[in-house]
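Because the structure is predicted, anything quoted here is derived from the model rather than measured. Residue indices begin at 1 and follow the sequence shown.
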Amino acid sequence: MGKRALKSRKVRLIAVVSALATGAAVITLLPSANAAQAEKTPDEIMRMCQKAKVINGEEQKTGSGVQDIFLADSCEFVETKFETFDGPKKKASIDFPNCEPNATEPAKVSITWKAAVLQGEGKYTATQQGAGGGLFGALSGAWLKHKATTDLTLKSVAVGDTETRDVPVGKVLHMEFTPKMQRMTGEWRVKINAKPGSTAINPVEEQNYAAPEVVEGAVVLDGAAGAPGIADGTSKPVLTDC
């Protein structure tokens, strides 16, 4: 009985090896062309987007020098919401005190204040401003349709002025700047086109992936006479007790 079972097992093994050698069973071992689309993390999707053949309608080159290697056929940012809001307040000058014990009148001071506002930041490494080969600059076109624009070629924008102010007795004055910010919400949509199969390769179904995105940037006003843009916002004096 034992010899008969062993012999039967050998016959089955020989049959499988023979089928693989002739290619007869290869098709049944490959994934089905209709298999469910594999899940991908947002970071994986963003990497595919960064190495897509077309990004926001513009054809890309990978810089490989020999042959372009792309992870997707196209990637585009689709906006779903746009809003403006006040950013965090920034102390924009040094303190100017009028705290002398014998002071009886307001002190007139000339205050030069300056503030810098970070230009923008997305959720993913690929959309961090200044990231090598990132996607942040690819969003420039999306801002153009909004009246308040963000210059995505800059890492930060500055603003400043010199003003004459009175500091009341017993007070300390400094200037404060509140930048106007804007937030664009949407998603990056990555597409891999369907590809017909052949005798050696299974057909590939169209694949679509999406990663939600929120990008923030400063509202930038045009600079004078071609100078770099300046941050939009509101400045005001702030008084505290000595």
Side-chain angles (χ1 to χ4, degrees), residues 42-43 46 49-50 55-56 76-97 109-168 171-189 210-241:
D43 285 333
M46 294 307 295
C49 179
Q50 197 170 353
I55 300 177
N56 281 355
E76 63 174 340
F77 179 79
V78 179
E79 178 187 333
T80 56
K81 185 178 180 181
F82 183 85
E83 56 192 321
T84 58
F85 61 98
D86 288 339
K89 294 178 173 59
K90 299 173 177 289
K91 185 176 181 180
S93 75
I94 62 173
D95 291 332
F96 292 85
V109 296
S110 178
I111 300 178
T112 297
W113 61 271
K114 189 175 294 185
V117 186
L118 293 180
Q119 255 302 69
E121 184 173 319
K123 290 176 62 175
Y124 310 106
T125 301
T127 49
Q128 300 305 303
Q129 174 69 339
L135 291 166
F136 200 83
L139 291 169
S140 295
W143 297 97
L144 293 179
K145 61 184 177 181
H146 301 291
K147 184 177 179 181
T149 60
T150 286
D151 184 349
L152 298 180
T153 64
L154 304 174
K155 292 183 180 180
S156 64
V157 286
V159 63
D161 200 358
T162 298
E163 304 179 19
T164 300
R165 296 279 181 175
D166 289 333
V167 186
K171 297 292 183 180
V172 179
L173 181 147
H174 71 264
M175 294 299 293
E176 182 180 82
F177 180 72
T178 303
K180 182 182 289 186
M181 305 292 290
Q182 49 193 354
R183 179 184 296 122
M184 190 160 55
T185 304
E187 63 181 14
W188 293 96
R189 295 180 182 175
E213 178 69 289
V214 178
V215 181
E216 294 182 356
V219 176
V220 181
L221 301 175
D222 291 334
I230 59 175
D232 191 11
T234 305
S235 64
K236 70 174 185 178
V238 176
L239 294 170
T240 57
D241 294 331

Sorted by chain and residue number, the side chain to side chain donor-acceptor pair (under 3.5 Å) partners of Thr178 (sequence neighbours excluded) come out as none
- Task: Run the salt-bridge test on Arg189 and Glu187 with the 4.0 Å N-O cut-off and return the result as yes or no.
- Result: yes
Between the NE2 atom in His174 and the CH2 atom in Trp113, the distance rounded to the nearest 0.5 Å is 12.5 Å
Between Ala115 and Ala92 the two heavy atoms that sit nearest each other are CB-CB, 4.3 Å
When you check the gap from the basic side-chain N to the acidic O, do Lys180 and Asp86 get nearer than 4.0 Å? no
_Side chains of Leu239 and Pro168, heavy atoms from C-beta outward: is any pair under 4.5 Å?_
yes
request  = For side-chain contact (heavy atoms from CB on, under 4.5 Å), just list the numbers for Val214 and Arg183, CA-CA rounded to whole Å, side-chain angles, deciding distance to a tenth of an Å, and then say yes or no.
outcome  = CA-CA 7 Å; Val214 178; Arg183 179 184 296 122; 3.6 Å; yes
Applying side-chain contact (heavy atoms from CB on, under 4.5 Å) to Asn56 and not counting sequence neighbours gives Glu76, Phe77, Ala138, Trp188
With sequence neighbours left out, the residues meeting ring pair (Phe, Tyr, Trp, His ring centres under 6.0 Å) with Tyr124 are none
Taken to the nearest 0.5 Å, the spacing of Ser93 OG from Arg165 CZ works out to 10.0 Å
Value for SG (Cys49) from CG (Leu135), rounded to nearest 0.5 Å, stands at 4.5 Å
Handout entry: Over 12 non-hydrogen atoms of neighbours within 6.0 angstrom of CD1 in Ile111
Key = yes
Between the CD atom in Gln50 and the CD1 atom in Ile55, the distance rounded to the nearest 0.5 Å is 7.5 Å
With side chains defined as the heavy atoms from C-beta onward, is the minimum distance between Val220 and Ile230 less than 4.5 Å? no
Rounded to the nearest 0.5 Å, the CE atom of Met175 sits from the CD atom of Glu163 at a distance of 4.0 Å
By side chain to side chain donor-acceptor pair (under 3.5 Å), Asp95 pairs with (sequence neighbours left out) Lys91
With sequence neighbours left out, the residues meeting side chain to side chain donor-acceptor pair (under 3.5 Å) with Glu176 are none
Between Ala231 and Val117, the two heavy atoms sitting closest are CB-CG2, 3.8 Å
Rounded to the nearest 0.5 Å, the OG1 atom of Thr84 sits from the CD atom of Glu216 at a distance of 12.0 Å
So with a 6.0 Å cut-off around NZ of Lys89, is the heavy-atom count from everything else above 12? no
Close side-chain approach of Pro97 and Lys171, heavy atoms under 4.5 Å:
no
By side-chain contact (heavy atoms from CB on, under 4.5 Å), Thr164 pairs with (sequence neighbours left out) Lys108
Heavy-atom closest pair (Thr80 atom, Gly186 atom, distance to 0.1 Å) is OG1-CA, 3.5 Å
- prompt: What's the verdict on side-chain contact (heavy atoms from CB on, under 4.5 Å) for Ser110 and Thr162, showing C-alpha distance, side-chain angles and the deciding distance?
  reply: CA-CA 7 Å; Ser110 178; Thr162 298; 3.5 Å; yes
Contacts of Lys90 meeting side chain to side chain donor-acceptor pair (under 3.5 Å) (sequence neighbours excluded), chain-then-number -> none
- Item | Any side-chain heavy-atom pair of Phe82 and Thr185 under 4.5 Å | no
Any luck finding a side-chain donor-acceptor pair between Glu213 and Thr127 under 3.5 Å? yes
Sequence neighbours excluded, the answer for side-chain contact (heavy atoms from CB on, under 4.5 Å) partners of Ile94 is Phe96
